[in-house]
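Computed from heavy atoms alone, side chains included, the values below leave out hydrogens, waters and symmetry copies. Start at 1 and go down the list; that is how both ligands and their atoms are numbered.
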Amino acid sequence: MSKFIIVTGGVASSLGKGITAASLGRLLINRGFKVAVQKLDPYINVDPGTMSPYQHGEVFVTDDGTETDLDIGHYERFLNITCEKNCNFTSGKIYSSIIAKEREGKYLGKTIQFVPHVTNEIKEKIKSVENNNIDVVIVEIGGTVGDMEGLAFLEAVRQLRMELGQNNLLFLHCALLPYLEAAKEVKTKPAQNSVKELTRLGIQPDILVCRTNANIEVDNEMKQKLAMFCNLKGPEYVIQNSDAKCLYEVPLMLQSEGLDKIVCKQLKLKSKAANMTEWKKLVKKIIKPKKQITVGVIGKYIEVADAYISVTEALKHAGYNNDVDVKVKLISSVDIETYGTQQMLSNLSGIVVPGGFGTRGTEGKIMAANYARVNNIPYLGLCLGMQIAVIEFARNVIGWEDATSSEFDIKSKHYVIDIMDDQKSILEKGGTMRLGAYPCSLTPNTVSFKAYGKKKISERHRHRYEFNNKFRTNFEECGMVVAGVNEKRNLVEIVEIPKNKFYVAVQFHPEFKSHPDNPHPLFLEFINACKN
Ligand code: GLN
């Protein structure tokens, strides 16, 4: 049987609950345990797939094609695991499954109620992660304690604790300890109140993780006070989690606070201390001072840094392993349209055009791709960024001024990016996008082939439109090389311009598979080109 750790948050959102949970997972894995994760999001959308990045940040996609919360990305990066469809549930997904069962008559005429039907459904989803190979399941509940939407989830885990017992299910609550500048004091009252809110719902947390600013010490006296007021077994159940220089330092910080030790004690899990030697080497490499380069990421949701979190992380991972400090500059493609490339893009070592949807800002992205190609600045196109590279090439090299994608609302004779027949069949089957992992075969003697070092790869997708094969020879005759294809569906997956130092654009999302200790080969090659 698996043990469960339920992670909740209090006082404020953006406390780094996900990073805390992921760091704990890393520590448990390094103690030798098999760990699985799950994120429960209380909002009503069935999944974040339909939500604007402004609302929710990035949509992370798993191998099996599930569109998930961006915290799943943190879990994959920290734990080096591959998550599956049961890793993320929302209220919307829970309700739609209940309503489908109701329509099928599965409730045998009963009135369907919040308790037990909604809570049972949630418990079932949580237990769906459990299996004989998994020692610990970490379940993070999104939102903040006190949110109306979260009630069903909290009630479900309260019941689950009764069923499984305190040595099999543990409550870990993350709360903020604000620092008041004027009083020069750290305040514990908001954290105490958020624990009170939890206990009002029948949940007594076992461990309290306190988020603080850097340079602040939660000393033993304060831990004792918090333990006393929050009804914890002792000060060692209060863990400080202060702002770190880099995300990947957090597991080490939590280890020195004794988090994994106290978790194992409570859950009666026996093991040696976590061996973090390799992780320490990684962190040392990350924080070591080194030459800085600036890479521009040309997006349109740039006000929300989380909208491009996997891209930013993948660039940084490649930097750690290229011995350069990659500064990621998020640049608005709409501003490029207004102010021009010279003003917006000079002084960049490389240009990335990431994924995106809709027409707004696409002309600015095409201008950025043109600037990179003409000035021989390393260019990496990701999903929409590949489509943009193809359009730019068609307009300015092949000479089709009207070249565009049929996604954008423009009349044209040259839809070089279009819905392929193959995609029409996905749409007919009720799907909307090409989602999840697909195989790709690489062309020998290309940058991509050299980067991956093998012929067959698999990468994750999330898009509707494709390179239009009708025009493929026109591109090849003018110097664009098809470096990767999906053989079964005859789809172009990678294009390159060999004349340039580094000009690679891919129809998939390699950023989802980059890890700090195992950076993605395309990002590695891209940063290598940028640093020279
Ligand atoms: N909007 C494009 C498509 O649907 C690209 C999507 C993306 O970048 N993820 O094909």
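- In this structure a side-chain-to-backbone donor-acceptor pair under 3.5 Å is missing from W400 to Y415.
- You'll find the ring centres of F357 and H463 outside the 6.0 Å limit.
- The cationic group of K454 does not satisfy the cation-pi geometry with Y452, failing either the under 6.0 Å distance to the six-membered ring centre or the 45° limit from the ring axis.
- In the displayed structure, Y54 atom OH is contacted under 6.0 Å by more than 12 heavy atoms of other residues, nucleotides or ligands.
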Which pairs of N or O atoms, one from ligand 1 and one from the protein, are separated by less than 3.5 Å, and what is the distance for each pair?
{"residue": "ligand 1", "atom": "1 (N)", "partner": "G356", "partner atom": "O", "Å": "2.9"}
{"residue": "ligand 1", "atom": "1 (N)", "partner": "E407", "partner atom": "OE1", "Å": "2.7"}
{"residue": "ligand 1", "atom": "1 (N)", "partner": "E407", "partner atom": "OE2", "Å": "3.0"}
{"residue": "ligand 1", "atom": "4 (O)", "partner": "R464", "partner atom": "N", "Å": "3.0"}
{"residue": "ligand 1", "atom": "8 (O)", "partner": "G356", "partner atom": "N", "Å": "2.9"}
{"residue": "ligand 1", "atom": "8 (O)", "partner": "G356", "partner atom": "O", "Å": "3.4"}
{"residue": "ligand 1", "atom": "8 (O)", "partner": "L384", "partner atom": "N", "Å": "3.0"}
{"residue": "ligand 1", "atom": "9 (N)", "partner": "R462", "partner atom": "O", "Å": "2.8"}
{"residue": "ligand 1", "atom": "9 (N)", "partner": "H509", "partner atom": "NE2", "Å": "3.3"}
{"residue": "ligand 1", "atom": "10 (O)", "partner": "Q387", "partner atom": "NE2", "Å": "3.1"}
{"residue": "ligand 1", "atom": "10 (O)", "partner": "R464", "partner atom": "N", "Å": "3.1"}
{"residue": "ligand 1", "atom": "10 (O)", "partner": "Y465", "partner atom": "N", "Å": "2.8"}

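- Ring geometry, Y379 versus Y503: the interplanar angle falls under 30°, so the pair is classed parallel (tilted spans 30 to 60°).
- Annotation: F471 is in aromatic contact with H414 [ring centroid separation under 6.0 Å].
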